Chemist: 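To start, I am sharing the structure in question, which I have written as structure tokens.
In this text the structure is predicted, and so the values were computed from the model without any measurement. Each chain gets a letter, A, B and so on, in the order its sequence line appears, and its residues count up from 1. All values below come from the heavy atoms of this structure, side chains included, with hydrogens, waters and symmetry mates left out.
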2 protein chains.
Amino acid sequence: MIEAPAATPGDRPTRRLLIDCDLHNNVPNVQALFPYLPALWREHITQTLFKGAGETSYPKNAPTTARPGSRPADDGVAGSELALLREQVLDPLGVEYGILNCPYAIDSLHNPDAAIALASAVNDWQIAEWLDQEPRLRASIVVPSQLPALAAREIDRVGQHPGFVQVFLPVRSQLPYGSRLFHPLWEAIARHDLVGGIHFGGAPGNPPTPSGWPSYYLEEYAGMAQVFQSQIVSIVSEGVFDQFPTLRVALIEGGFTWLPSFMWRFDKEWRNLRRLVPWVKRPPSAYIREHVRLTIQPLDAPSDPRHLVQIIEQLGSDDLLLYATDYPHRHVADPAQDLLAHLPEPLARKIAVENARAFYRLPLNSEE
Amino acid sequence: MIEAPAATPGDRPTRRLLIDCDLHNNVPNVQALFPYLPALWREHITQTLFKGAGETSYPKNAPTTARPGSRPADDGVAGSELALLREQVLDPLGVEYGILNCPYAIDSLHNPDAAIALASAVNDWQIAEWLDQEPRLRASIVVPSQLPALAAREIDRVGQHPGFVQVFLPVRSQLPYGSRLFHPLWEAIARHDLVGGIHFGGAPGNPPTPSGWPSYYLEEYAGMAQVFQSQIVSIVSEGVFDQFPTLRVALIEGGFTWLPSFMWRFDKEWRNLRRLVPWVKRPPSAYIREHVRLTIQPLDAPSDPRHLVQIIEQLGSDDLLLYATDYPHRHVADPAQDLLAHLPEPLARKIAVENARAFYRLPLNSEE
């Protein structure tokens with residue numbers, strides 16, 4: 001049983017070692033990709049006034065979208081400047097590594113050639129303007145996830161760059177990620193020893209709930225936890241982890257307090273119905289604890305910290321959680337203050353750095 | 001904090017008073033409805049060999065579908081005989097009241113006239129062959145939930161029968177139940193002082209996950225908890241409880257251990273985004289604790305009973321849970337043994353009888 005320490009500010013160092021597993025580098029505008037796009041697409045974008053596939057899940061003026069000061073001057077796009085990221089996160093928090101998740105909505109593009117061209121351009125932009133500029137950064141490869149074989153080809157194109165540790169997959173999708181259709185994508189992720197990073201959001205065209213289109217952004221936001229759950233049900237049930245035993249999957253920006261009760265239900269129904277999926281040889285929770293990790297921001301925390309400590313204990317493993325700020329998004333809870341401060345130091349340290357170091361294979365010294 | 005009693009069999013009476021909030025009366029075959037159908041539909045069914053809208057969520061030979069002995073002779077449909085229901089549940093468990101949920105899949109019928117005719121026939125069949133035969137029974141009105149105004153008309157037709165305490169709404173739907181389109185249905189439920197009983201299953205035609213069609217029944221079964229969550233997000237966010245302040249909603253056969261973390265997330269995002277839904281004046285959890293109840297079978301229980309006791313405490317109210325056997329469906333957990341036996345007696349008694357009595361307005365003495 002976890003013994004929660006008395007949470008007084010003096011109990012912990014004001015600055016602890018951190019690996020931040022969810023930072024956002026947003027493309028400021030489609031013209032920023034021009035140096036990385038073929039002439040055909042530069043011409044097409046210029047002539048059609050196409051604005052690119054900007055992030056769809058965080059509307060520009062929603063209160064959750066940008067913390068104060070994260071917009072560059074002249075009303076720029078929050079999270080689009082490396083200097084601000086250094087100034088607001090990497091330096092003040094003492095981040096050893098920060099993992100970039102560029103939420104460019106490639107999955108919203110129904111023109112497959114545009115999806116491929118823009119995904120490649122975003123990756124080359126990430127290499128040139130982020131990874132090669134800042135040794136503390138790692139990043140997720142942006143792919144046309146709706147076209148798994150072509151996504152695999154993009155992973156093959158850039159997967160050997162040492163800055164890429166993950167492939168970005170929007171949690172919303174038109175078909176469940178466990179489907180046989182996605183196996184070429186999982187195969188490429190596993191072959192390059194990358195992480196499949198399933199991230200909040202997506203714009204595949206189908207409703208974000210199993211009951212049709214909601215009316216309000218609040219519904220989509222609160223309901224995104226259910227989309228994460230549906231993807232893990234699919235991935236485990238279809239035997240993706242049996243087929244790719246070294247595969248690792250991160251659930252990013254989807255909360256984690258739902259995980260214990262989700263595993264109880266999934267395990268129970270697997271016991272009832274496992275003859276339908278005979279390749280799933282262990283309870284689903286065993287696959288999840290081995291292959292899946294979750295970032296801790298946003299923190300769907302109860303008002304009573306004692307309940308949060310209970311949930312952490314119910315996870316049944318100290319390896320599952322990864323620290324993240326989710327910069328530049330704005331949330332009411334501070335994960336360091338509202339979660340780590342309530343945990344015993346060895347567990348807090350695992351969440352802050354050690355779990356991410358092991359999962360993303362990050363060498364001990366960031367000054368490489 | 002809940003003090004869990006030492007769970008030895010001697011601690012509790014072998015037979016406690018029970019109100020069973022989820023019993024299934026299945027239509028054995030469409031011909032059983034002939035006495036309650038107009039000549040046009042009897043002729044149509046006979047000539048087209050239409051088999052009716054039998055339950056779709058529990059396939060006949062799935063291990064979860066029927067407990068041993070619940071099928072009538074000659075390979076009949078489990079749950080279709082009152083005598084067996086008396087013999088297997090009402091008498092041996094000493095049930096004071098049992099609430100019938102007939103899962104006839106009216107929502108799967110795309111012909112609106114068929115949907116209306118069959119719903120009315122099922123309700124008249126319920127009155128004649130169940131409610132008028134057994135004073136311990138209450139039932140849910142079956143309606144064409146996909147046609148809210150016509151569903152309201154059916155509620156007006158039979159809602160005054162004292163046996164009906166609830167309206168059956170399959171949790172899967174093509175549009176979220178909070179939508180303005182459903183307000184005529186909620187208005188009728190509230191006006192007749194009935195409960196809206198949102199129940200496992202449904203066959204509306206759209207996928208049961210927010211990520212498209214799953215491949216296996218296990219995925220649909222385990223994932224159904226997410227469908228319940230999506231409906232509650234919609235109902236609260238659209239202000240259904242603000243518009244119908246006396247409305248009560250039961251979540252039936254969807255589990256409950258997911259509720260605490262769900263309320264934490266929903267409350268948190270409401271704090272972030274409540275300006276989008278200004279009519280939602282209190283945190284969503286306050287609406288849920290006032291208006292919503294949940295049946296306890298299936299019990300998505302952890303292997304450690306201590307964790308289950310933690311979840312019960314995290315609910316933040318002793319009023320929310322309703323005892324149910326879910327007869328004739330078969331589950332691995334016995335809610336009396338695996339849940340009630342671990343709770344202090346006053347709370348166990350609330351779950352076993354008192355919460356249901358208050359919620360469904362059931363008079364103290366069943367010998368009316």
Chemist: Output all residues satisfying side chain to side chain contact (heavy atoms under 4.5 Å, CB included) with B:Pro214, sequence neighbours left out; order by chain, then residue number.
Modeler: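 Only B:Pro208, B:Thr209, B:Glu219 meet the side chain to side chain contact (heavy atoms under 4.5 Å, CB included) criterion with B:Pro214.
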Chemist: Given that the side chain runs from C-beta out, which part of B:Tyr217 has a heavy atom under 4.5 Å from chain A: side chain, backbone, both or neither?
Modeler: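 Both parts, heavy atoms under 4.5 Å.
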Chemist: Looking at B:Asp267, B:Asp304, B:Leu299, which one has more heavy-atom pairs under 4.5 Å with chain A than the rest?
Modeler: B:Leu299
Chemist: Checking an interface table here. Which of residues 175-183 of chain B come within a heavy-atom distance under 4.5 Å of chain A?
Modeler: B:Leu175, B:Pro176, B:Arg180
Chemist: Taking heavy atoms only and a threshold strictly under 4.5 Å, list by residue number the residues of residues 280-297 of chain B that touch chain A; give 'none' if the list is empty.
Modeler: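 Within residues 280-297 of chain B, no residue comes under 4.5 Å from chain A.
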Chemist: Which answer fits B:Ala225, side chain, backbone, both or neither, if we ask what part of it has an atom under 4.5 Å from a heavy atom of chain A?
Modeler: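 For B:Ala225, the contact with chain A is made by backbone and side chain together.
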Chemist: Rounded to the nearest 0.5 Å, how far does CZ of B:Phe266 lie from CG of A:Asp300?
Modeler: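 Reported value, rounded in 0.5 Å steps: 12.5 Å.
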Chemist: About how many Å separate CD of A:Glu220 and CG of B:Leu276, when rounded to the nearest 0.5 Å?
Modeler: 11.5 Å
Chemist: If you compare all heavy atoms of A:Val171 against all heavy atoms of B:Ser211, which two are closest, and at what distance to 0.1 Å?
Modeler: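 So the minimum-distance heavy-atom pair works out to O-OG, 4.4 Å.
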Chemist: Side chain, backbone, both or neither: which part of B:Leu259 has a non-hydrogen atom closer than 4.5 Å to chain A?
Modeler: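 Contact with chain A: none, neither part.
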Chemist: Go through the structure and list residues passing side chain to side chain contact (heavy atoms under 4.5 Å, CB included) with B:Asn272, not counting sequence neighbours.
Modeler: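 Here the qualifying residues are A:Thr64, A:Val332, B:Lys268, B:Glu269.
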Chemist: How many angstroms lie between CG in A:Leu218 and CZ in B:Arg275, if you round to the nearest 0.5 Å?
Modeler: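 Those atoms lie 14.0 Å apart.
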Chemist: I want to check something: taking the side chain as every heavy atom from C-beta on, are A:Gln229 and B:Trp258 in contact at a cut-off of under 4.5 Å?
Modeler: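 In short, these two side chains do not touch, never coming nearer than 4.5 Å.
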Chemist: Which region of A:Trp213, side chain (C-beta onward) or backbone (N, CA, C, O), has a non-hydrogen atom less than 4.5 Å from a non-hydrogen atom of chain B, or is it both or neither?
Modeler: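 Backbone only.
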Chemist: What part of B:Tyr221 is in contact with chain A, defined as an atom under 4.5 angstrom from a non-hydrogen atom: side chain, backbone, both or neither?
Modeler: both
Chemist: So what's closer than 4.5 Å to chain B heavy atoms on A:Arg265: side chain, backbone, both or neither?
Modeler: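 Both backbone and side chain of A:Arg265 come within 4.5 Å of chain B.
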Chemist: Could you tell me which portion of A:Val277 (side chain, backbone, both or neither) has an atom closer than 4.5 angstrom to a non-hydrogen atom of chain B?
Modeler: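 Side chain of A:Val277 only, per the 4.5 Å heavy-atom cut-off to chain B.
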Chemist: Within this structure, what is the CZ-CD distance for the pair A:Phe262 and B:Gln226, rounded to the nearest 0.5 Å?
Modeler: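 The CZ atom of A:Phe262 sits 6.0 Å away from the CD atom of B:Gln226.
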Chemist: With respect to chain A, which residue among B:Ser234, B:Gly202, B:Gly223, B:Ser303 yields the maximal number of heavy-atom pairs within a distance under 4.5 Å?
Modeler: B:Ser234
